[in-house]
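Take a look at the structure set out below.
For reference, positions follow the sequence shown, starting with 1.
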Amino acid sequence: EKMSVCNLRRNIQEGDTVILWAGRDYINPITIKKGGETQNKYGLYHHDLIIGKQFGTKIWAMNNKGWLYVLAPSPEIWSKALHHRTQILYIADISAITFNLQMKPGSVVVESGTGSGALSTAIARSIAPHGKLYTFEYNADRVKAANIDFKNNKIDHIITVTHRNVCEDGFQLPAIADSVFLDLPCPWQVAVSARDALKQNGKLCSFSPCIEQVQKMCRALTDAQFVDIVTIEVLLRQNEVRPIALDAPRFEQPTQDPIAPVASASADASEPDVKKVKTDIESDGKEEAMQVDANVPEAKAEVQVENQDEKVQKRKFPEKERSKKEQLWIGRRGNRNDPRVTMTGVRPFNDSRGHTGFLTFATKPNQIVKSTQSNAVTSDATSQDASETKQE
């Protein structure tokens with residue numbers, strides 16, 4: 001049995017499409033071939049050494065320096081590995097779409113446009129094995145590329161790709177779809193065609209990056225007599241959780257600064273003429289001796305102490321250059337043995353995605369009533385014809 005994104009297995013076999021993952025900058029899909037080789041900047045990898053291994057295995061290069069993981073081509077990973085021919089939808093929006101459109105095995109879905117095929121692949125997994133996806137794309141090159149990807153992923157029997165501009169020609173499908181998805185620059189132009197392609201109580205979803213597009217689409221859906229119109233925005237924010245070491249809080253100001261050197265100004269004959277005061281402030285842990293003349297008058301000694309304290313403050317290193325010993329002293333200079341407080345910190349990753357677009361959902365009612373405006377136009381035309389006949 002052939003493996004596909006809808007039917008993954010545990011072990012890798014010849015002919016399988018796999019994802020080679022060596023970091024965020026290298027996610028590459030390949031097809032495993034007997035006797036085949038894959039070369040990248042990390043080294044050379046023989047396919048024969050990959051066949052029979054389980055998905056998720058770490059494979060080492062022939063030079064025993066480079067390595068990579070061999071992953072199964074699930075739709076989530078495939079959306080990152082495929083060649084982005086257009087902007088694509090990611091797992092946050094895809095999960096909201098498949099859930100709200102109530103996709104399930106056996107569903108019939110209509111999509112426009114196909115783009116890079118990321119959403120089409122996810123839809124195929126949701127409606128497999130007996131469902132059907134009709135996807136439309138106006139760009140001929142993207143149609144060919146999408147067909148190749150669907151064939152490699154063994155889902156071409158579920159997906160039918162049609163080269164057509166639905167904004168001008170419509171879907172031309174008579175009420176066969178359980179749900180319709182639109183990713184178009186002007187989705188309001190196909191609101192009526194999408195309604196005609198839906199079954200009763202069928203669901204529609206339109207993706208638009210701009211709120212002005214949403215406003216026009218909501219007006220078009222209202223005119224097309226859709227009900228339960230609602231617009232949502234899905235934001236996925238990944239957070240980094242890591243321990244952070246903080247200094248213990250000090251609630252009292254220390255009476256004496258232990259770092260600043262203290263010089264005695266009293267002249268004592270029993271003391272030596274010169275004494276050394278260890279400052280212990282160097283980042284490399286070395287001791288620096290400072291000579292203070294004991295016979296200097298008290299006032300002059302205090303001035304020297306103040307000047308020395310200023311030098312100590314100026315010699316503080318930047319945050320990145322401080323040693324571990326000096327970092328332990330920052331903020332708690334009153335007690336050398338005061339332990340640091342470890343807390344768990346959370347902050348978003350720097351590359352977290354922000355706004356992608358708005359999802360507008362609507363439902364086709366059981367019965368479509370002719371619009372009042374059409375009835376009024378018909379009535380006016382009938383009255384005009386009657387008056388012309390009477391005049392004749």
Side-chain angles (χ1 to χ4, degrees), residues 1-85 88-95 98 103 105 116-129 131 145-159 236-243 348-353:
E1 185 180 0
K2 294 183 179 180
M3 187 193 73
S4 68
V5 296
C6 305
N7 184 26
L8 300 176
R9 56 169 170 256
R10 184 178 297 273
N11 294 330
I12 303 171
Q13 297 181 11
E14 182 182 1
D16 289 346
T17 298
V18 302
I19 307 297
L20 301 182
W21 187 93
R24 297 176 59 184
D25 298 330
Y26 185 86
I27 306 176
N28 188 37
I30 65 168
T31 300
I32 298 298
K33 300 177 181 179
K34 191 172 183 179
E37 296 178 348
T38 297
Q39 175 78 43
N40 59 22
K41 63 180 181 180
Y42 303 104
L44 177 65
Y45 303 88
H46 291 295
H47 292 191
D48 292 343
L49 300 178
I50 299 177
I51 295 176
K53 295 292 196 317
Q54 292 186 359
F55 282 104
T57 302
K58 186 176 183 179
I59 305 296
W60 288 90
M62 300 305 296
N63 57 11
N64 290 327
K65 295 181 179 179
W67 54 266
L68 48 77
Y69 286 98
V70 185
L71 305 179
S74 65
E76 292 79 11
I77 301 178
W78 179 255
S79 64
K80 298 181 179 181
L82 59 80
H83 175 63
H84 290 188
R85 298 177 285 273
I88 70 170
L89 296 177
Y90 290 94
I91 185 62
D93 290 315
I94 291 175
S95 60
T98 55
M103 296 182 188
S116 300
L119 178 61
S120 303
T121 304
I123 292 176
R125 181 182 62 178
S126 298
I127 65 178
N147 277 320
I148 295 174
D149 288 343
F150 298 153
K151 185 177 181 179
N152 291 336
N153 288 326
K154 314 297 189 302
I155 54 176
D156 53 322
H157 64 288
I158 299 175
I159 304 176
L236 178 63
R237 175 175 292 182
Q238 295 181 344
N239 293 307
E240 179 185 12
V241 181
R242 62 178 181 179
F349 284 103
N350 295 329
D351 59 347
S352 296
R353 289 188 178 89

With sequence neighbours excluded, residues passing side chain to side chain contact (heavy atoms under 4.5 Å, CB included) with Ala122: Pro75, Ile94
Start with the C-alpha gap between Cys6 and Ile155, add the side-chain angles, then the distance that decides, and say whether side-chain contact (heavy atoms from CB on, under 4.5 Å) holds. CA-CA 8 Å; Cys6 305; Ile155 54 176; 3.7 Å; yes
Is a side-chain donor or acceptor of Ser116 paired with a backbone partner of Ala118 at a separation under 3.5 angstrom? no
Test side-chain hydrogen bond (donor to acceptor under 3.5 Å, both in side chains) applied to Thr121 - qualifying residues, sequence neighbours left out: none
The test is side-chain contact (heavy atoms from CB on, under 4.5 Å); show your working for Leu49 and Met62 and say whether it passes. CA-CA 10 Å; Leu49 300 178; Met62 300 305 296; 4.0 Å; yes
Can you name the closest pair of heavy atoms from Arg9 and Phe55 and give their distance? O-CD1, 3.2 Å
Going by side-chain hydrogen bond (donor to acceptor under 3.5 Å, both in side chains), name the pairs with one or both residues in residues 42-59, residues two or more places apart or in two chains. Glu37-His46, Thr38-His47
Heavy-atom distance under 4.5 Å between the side chains of Val18 and Ile12, does that happen here? yes
Does Asn153 have any side-chain hydrogen bond (donor to acceptor under 3.5 Å, both in side chains) partners at least two apart in sequence or in another chain, and if so, which? none
Only counting residues at least two apart or in another chain, list the ones meeting salt bridge (Lys or Arg N to Asp or Glu O under 4.0 Å) with Asp156. none
Heavy-atom side-chain contact between Asp149 and His83 under 4.5 Å: no
For Asp25, enumerate each residue passing the side chain to side chain contact (heavy atoms under 4.5 Å, CB included) test, keeping only those at least two apart in sequence or located in another chain. none
Show the numbers, then the answer: is there a side-chain contact (heavy atoms from CB on, under 4.5 Å) between Leu20 and Val70? CA-CA 5 Å; Leu20 301 182; Val70 185; 4.1 Å; yes
Just jot down the side-chain hydrogen bond (donor to acceptor under 3.5 Å, both in side chains) partners of Tyr69, sequence neighbours excluded, or say none. none
Using side-chain hydrogen bond (donor to acceptor under 3.5 Å, both in side chains) as the criterion, list what pairs up with Ser126, not counting sequence neighbours. none
Could you pull out all residues at least two apart from Ser74 that satisfy side chain to side chain contact (heavy atoms under 4.5 Å, CB included)? Leu8, Glu76, Ile77
Taking the side chain as every heavy atom from C-beta outward, state whether Ile27 and Ile19 have any atom pair closer than 4.5 Å. yes
Applying side chain to side chain contact (heavy atoms under 4.5 Å, CB included) to Asp93 and not counting sequence neighbours gives Leu89, Phe207, Val234, Thr356, Leu359
Is any side-chain heavy atom of Trp78 closer than 4.5 Å to one of Arg125? no
